[in-house]
2 protein chains.
Amino acid sequence: MTIRSVPTLDDVAKRAAVSTATVSRCLNSPEQVSEATRNRVNEAVNALGYTPNFGARVMAAKRTNTIGAIIPTMENAIFARGLQAFQDELRTRGYTLLVASSSYKSDVEEEQVRALISRGADGLLLIGHDRSATIMNYLAARNVPALVAWAHDPGAVLPSIGFDNFEAMCALARQVMSLGHQRIGLISAATETNDRARARVLAVRHVMQEAGISPDNLHIIETEYGIETGATAFQSLIDAGHDPSVVFCGNDVLAVGAMKQAQKMGINVPSDISITGFDDIEIARVVVPELCTVHVPHRKMGARAAGILVDMVEGRPFPHTTQLDATLEIRGSLSSASAVR
Amino acid sequence: MTIRSVPTLDDVAKRAAVSTATVSRCLNSPEQVSEATRNRVNEAVNALGYTPNFGARVMAAKRTNTIGAIIPTMENAIFARGLQAFQDELRTRGYTLLVASSSYKSDVEEEQVRALISRGADGLLLIGHDRSATIMNYLAARNVPALVAWAHDPGAVLPSIGFDNFEAMCALARQVMSLGHQRIGLISAATETNDRARARVLAVRHVMQEAGISPDNLHIIETEYGIETGATAFQSLIDAGHDPSVVFCGNDVLAVGAMKQAQKMGINVPSDISITGFDDIEIARVVVPELCTVHVPHRKMGARAAGILVDMVEGRPFPHTTQLDATLEIRGSLSSASAVR
DNA sequence: CCGAAAACTGTAAGCGCTTACATCGGAATA
DNA sequence: TATTCCGATGTAAGCGCTTACAGTTTTCGG
């Protein structure tokens, strides 16, 4: 068996009896080539199974038509969903998506940023505004367009698209407080490196103050993302002897874990305790009672993000911040506090 | 502000007053360079904020330390989960992961295969054995190592890692049949382009024959992946007047949709009807009653796949097929047929 | 049927990096 | 001291592709 290496532009050119320039044009701007030649070239391309060498193309051209995205984890449905929409939209605009995940670690994120940029990403999608100065400097130095999603902060350096986590959580909290809840539990994702989680916690604090409820009535547990961790957190919250009438959860997954655990502990939701989530992923409607949560338009955000980022990359004007609406989904897991015990 | 472009090897060389070759060696095999020079070069690299141009490096060197993965969709938790493990393992071995999704479309998959390979992927992870001849030929022609995951077929051309979908579903079906079920519903993902779905359907057929149940007692509906579509499919199954005592579902998501719909229609699970899923994703334990399903070790598969693919890429020996065990998870949504009505 | 414009196609110069090969001081050996 | 070696460094040839520019062929109005 002959070891024949990967076909190059040159091979195609030879087979079609044209110059490499013509083959290149055939691939990049077919309208410049006569139909006869084009057919001949295409035939050769197919016969040889030719695919352009990306590296070479990048070097010679400059644009890669590639967008990179760095998300905390693929295992979180909201990112998966938003990203799928992002990719679909990107595809229709002729861009390819490269995904990497950071596991919520700043140093990994930095590494991934470098990897994607050195691979020629024309633009980057990042999650949230929390980011080391190193990364910000690097981004600035390389002058690569970057868009932050799942966050909304008109004051931030990087442009962003998202919703106002603080306001959304405030709206939910106000609804909850208006139901007479006074003793409050809160299961949150780590706030240290996650501005979204932080904003949600602040919102609860804020609304409590508005309602004249002492901060002493708030008990917070931070934990990792997951159903199990949500369950454990709920357990500790109860075991600690606080007796919340409502438990806010930083997201639906934690909330579902909490609900399961409540059920296991013989605590009825919502008659004994109310539980709320955030995100409105599918699981929220699957549990019984259905989970009261905040609906976030993840797909829409992904699609819009794609549009904006492409505009940035192609040098068109774009909005520095784009705010989408998150809406309250009042469902069965929330009831008034008066009904408690 | 001066527009200064991205620094190149040349800039670094100039600043350190050495040749480009020395800088390159400094970066790739530091031990070949004297310490004094090395320090000077490193200083220059840092001062300039230099990052090698990936494209150029690939062209000159040949290896990219990049692995590509093409999955049907990121929105399916099983792929997200497996892929996250895949990436984590890849990282520890010094590889970067590039992900693309095909939306279960063969032509899109082909496009993505080309995109990833032209971007220099040293190896490819693919899902399932169903694949157009075009892609197979292309892969063969380019001689790029490719590993198929979520499937197990010793006879297939491409090496694979996964579990035996047919056997796993047979095991579940035997368990179900042993409970006396005779009238059977089946909600499946599209079998046309999905060998895993096909194997599961075949398994049910096979076990029915084993048990001497007429194929007429089997009613199949194919539908897309999703909770909603699962619900709709369940509805049609019932509306069609078949009166199944058990409904097998191609995966947990469809099963959960079916359960929800049953509940909405006033059909009790499992006393009126049993429902089973496949995958054992988290949602399976969240629903009430808990979903009877087949547990698939997605994370383990992802991690193992990474190891095998790296071995393939680096020219070490590797197993042509690796089989993992899928295990039955008998849970509340399955009961014996005698209990029906 | 002529000349100019239009439509194609070819030539060749890089893009930034790696690496085989050449060069060049010394250190080691005789 | 002359010869040999060897480590450190420089030189320069590509890697495969795009594209400005130049050359060639058609097309067409007059």
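Reckoned from all heavy atoms, side chains included, excluding hydrogens, waters and symmetry mates. Numbered from 1 within each chain, the chains take letters A, B, ... in sequence-line order.
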(message) Tell me every residue that passes salt bridge (Lys or Arg N to Asp or Glu O under 4.0 Å) with A:Arg40, counting only those two or more places apart in sequence or in another chain.
(response) none

(message) Using a 4.0 Å heavy-atom cut-off to protein, can you give one letter per nucleotide of nucleotides 10-18 of chain D, 5' to 3': B if the base is in contact, S if only the sugar-phosphate is, - if neither?
(response) BBB-BBBBB

Would you give me the side-chain donor-acceptor pairs under 3.5 Å for residues 134-141 of chain B, sequence neighbours excluded?
| from | atom 1 | to | atom 2 | distance (Å) |
| --- | --- | --- | --- | --- |
| B:Asn137 | ND2 | B:Ala133 | O | 3.3 |
| B:Tyr138 | OH | A:Thr51 | OG1 | 2.1 |

Report all side-chain donor-acceptor pairs from residues 12-20 of chain B shorter than 3.5 Å, counting only partners two or more places apart or in another chain.
| from | atom 1 | to | atom 2 | distance (Å) |
| --- | --- | --- | --- | --- |
| B:Lys14 | NZ | B:Asp10 | OD2 | 3.4 |
| B:Arg15 | NH1 | B:Glu43 | OE2 | 3.2 |
| B:Ser19 | OG | B:Ala21 | N | 3.4 |
| B:Ser19 | OG | B:Thr22 | N | 3.4 |
| B:Ser19 | OG | B:Thr22 | OG1 | 3.3 |

(request) Return each pair, listed once, that meets salt bridge (Lys or Arg N to Asp or Glu O under 4.0 Å) where at least one residue sits in residues 21-33 of chain B; pairs must be two or more places apart or across chains. (result) none

(request) If a pair satisfies ring-ring contact (aromatic ring centres under 6.0 Å, His included) and one of its residues is in residues 43-84 of chain A, list it, with sequence neighbours excluded. (result) A:Phe79-A:Trp150

(message) Per the salt bridge (Lys or Arg N to Asp or Glu O under 4.0 Å) rule, what does the pair list look like for residues 128-138 of chain A, sequence neighbours excluded?
(response) A:Glu109-A:Arg131, A:Asp130-A:Arg198

(message) Expressed as a whole number of angstroms, how long is the span from B:Glu31:CD to D:dG7:C1'?
(response) 13 Å

(request) Show your working on side-chain contact (heavy atoms from CB on, under 4.5 Å) between A:Thr322 and A:Ile308 and close with a plain yes or no. (result) CA-CA 9 Å; A:Thr322 304; A:Ile308 295 173; 3.3 Å; yes

(request) Please list, chain by chain and in numerical order, all residues satisfying side-chain hydrogen bond (donor to acceptor under 3.5 Å, both in side chains) with B:Asp195, sequence neighbours excluded. (result) none

(message) Tell me which residues in residues 37-44 of chain B lie within less than 4.0 Å of DNA chain C, going by non-hydrogen atoms.
(response) none

(request) Sort and list the pairs that fulfil ring-ring contact (aromatic ring centres under 6.0 Å, His included) and have at least one residue in residues 95-135 of chain A, not counting sequence neighbours. (result) none

(request) To the nearest 0.5 Å, tell me how far B:Asn194 CG sits from B:Glu192 CD. (result) 10.5 Å

(message) Around atom CD of B:Gln323, are there more than 12 heavy atoms from other residues, nucleotides or ligands closer than 6.0 Å?
(response) yes

(request) Considering only NZ, NE, NH1 and NH2 on the basic side and carboxylate oxygens on the acidic side, decide whether B:Arg304 and B:Glu89 come within less than 4.0 Å. (result) no

(request) Quantify the bending of the helix from C:dC1-D:dG30 to C:dA30-D:dT1 as the angle between its end axes, each fitted on five pairs, to 10°. (result) 30°

For nucleotides 24-28 of chain C, give me every protein contact, N/O to N/O, under 3.5 Å, one pair per line with atom names.
none

